[in-house]
Amino acid sequence: MTSKKKLTKKFILTADLHGKTQEDTLAKETDMVKAQIANPTLVAGLNPTAATVQGQITAITDPNTGLIHQRSVLEAQTKALTLQINKGIEDIRDIIIDDWMPQTQSALTATPALALTAASNAALLLFGVKGVSGGAAQATNIALMSKTATSAPVIVKIDTDVAGEHILHIHNNITGKRGHPADVSEVDIYAQTGGTQPANLAALQAAGGQILGEAERGVYINVIPTTVAKGTTIYYIAVYKGKKTKKTVAQSVVATAVTK
C-alpha cells in the first residue's frame, strides 16, 4: 500500500501593477498605500514607510503643486504657444505674399534693361517664377534650358565661415538647381579683389580681375592668398562657357564677400 504525499502550496504575492494605464497604475498604488496605512500592524517595520510613499504620491497628485497639475499647465501653455507659432508663420507668409512679392516684382521688372536678369535676381531672393522656376507646374529641364536665351548662372550663396576661404554655390536661374544647360561646357569663376564693384565681367577684367577656376557640381572654393588683408571685399562673377564656341554665353550678376 503506497502513502499519499501531502502537497503544500507555496504562498507567492503579486502586485498586479503591470499592463495597466498610467492612471490605473497610480490609482492602484494609491489604494495599496491607503491599505498599508489602514492596517499598520500587518507588516511591522515597513520600509520605506507608508507615510513616505504617501508623500511621493502627493507630489504627483496634489491639485495645486503636483506633477500632474504642472503637466496640465504646461500642456495648456504648449497649445497656446502652438497657436501663436502658427499665427506668426501665417502672418509672415502674408507679408511675403501680399507685401514683399508685389514690391519685389515691381523692382525686378522696373525697366526693360532688367528683364533678362529678373529671374536671376528673383532666385537670389529665393522667389520662384511662375512657369520658369518653382511651383508644381514647372516643367523645365536641361534640354529646355539650352534653348532659353535668359538661362544664366546665379551665385546663390557664399559661405565665409572658414577663415581664408570663400565657398561659392552656383545654381541655374531657370531651374534653381546646380545643373547647367546642355550647350554649356563649364562654369568658370572670375574674381576681383578690392576696388570698386564692377558692373559686369568686362568691367571686372578691366579692373584687374581674373579667372580663378572652374566650379564643380555647382560649388567653387576660393582659397584666399594670405597676402589679402582681412576685411577686403572680393567681387565674384560666374560665367557659362559655350560648349562649341568656348566663349562666354552668360554671366551672373556680381556677388560679394568679405575676407576673414
Next item on the list: Decide side-chain contact (heavy atoms from CB on, under 4.5 Å) for T104 and L125; before the verdict, give the C-alpha distance in whole Å, the side-chain angles of both, and the deciding distance to 0.1 Å.
Entry: CA-CA 9 Å; T104 302; L125 298 175; 3.7 Å; yes
Next item on the list: Give the intermediate values and the outcome of side-chain contact (heavy atoms from CB on, under 4.5 Å) for residues K260 and V258.
Entry: CA-CA 7 Å; K260 289 186 177 181; V258 177; over 6 Å; no
Check: Please walk me through it: do H169 and D159 pass side chain to side chain donor-acceptor pair (under 3.5 Å)?
Finding: CA-CA 8 Å; H169 300 266; D159 292 329; 2.8 Å; yes
Next item on the list: Begin with the C-alpha distance, continue with both residues' side-chain angles, and end with the deciding distance and a verdict on side chain to side chain donor-acceptor pair (under 3.5 Å) for N172 and Y240.
Entry: CA-CA 10 Å; N172 178 268; Y240 279 167; 2.9 Å; yes
Note to self: Between E186 and K241, is the side-chain contact (heavy atoms from CB on, under 4.5 Å) condition met? List the steps.
What the structure shows: CA-CA 6 Å; E186 62 194 63; K241 287 293 178 66; 3.7 Å; yes
Next item on the list: Start with the C-alpha distance between N222 and Y236, add both sets of side-chain angles, then the distance that settles side chain to side chain donor-acceptor pair (under 3.5 Å), and finish with yes or no.
Entry: CA-CA 10 Å; N222 180 27; Y236 295 98; 2.8 Å; yes
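Annotation: side chain of Q54 is in contact with side chain of T58 (closest heavy-atom distance under 4.5 Å). Residues I60 and I68 form a side-chain contact, since some pair of their non-hydrogen atoms from C-beta on lies under 4.5 Å apart.
The side-chain contact (heavy atoms from CB on, under 4.5 Å) check on K243 picks up S185, with sequence neighbours excluded. When the side-chain contact (heavy atoms from CB on, under 4.5 Å) test is applied to D99, the partners found at least two apart in sequence or on another chain are I95, Q103. Residues passing the salt bridge (Lys or Arg N to Asp or Glu O under 4.0 Å) test with K87 are D91, sequence neighbours excluded. By the side-chain contact (heavy atoms from CB on, under 4.5 Å) test, T49 is found to be paired with A51, T52, residues two or more places apart in sequence or in another chain being considered.
Within a 6.0 Å sphere centred on CD of E75, other residues, nucleotides and ligands contribute more than 12 heavy atoms.
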Compile the donor-acceptor pairs under 3.5 Å between side chains in residues 27-41 and protein atoms, sequence neighbours left out, one pair per line.
from, atom 1, to, atom 2, distance (Å)
K28, NZ, A15, O, 2.9
T30, OG1, L26, O, 2.8
N39, ND2, A35, O, 2.8

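Here the straight-line distance linking atom CD of E90 with atom CD1 of I97 works out to 11.0 Å at 0.5 Å rounding. Note that NE2 of H166 and OH of Y220 are 12.5 Å apart. Values are rounded to the nearest 0.5 Å. Between L74 atom CG and H69 atom NE2 the span is 9.5 Å, to the nearest 0.5 Å.
By the 4.5 Å side-chain criterion applied to Ile, Leu, Val, Met, Phe, Trp and Tyr, V254 is assigned to a cluster that also includes Y190, L201, L204, I211, Y235, I237, V239.
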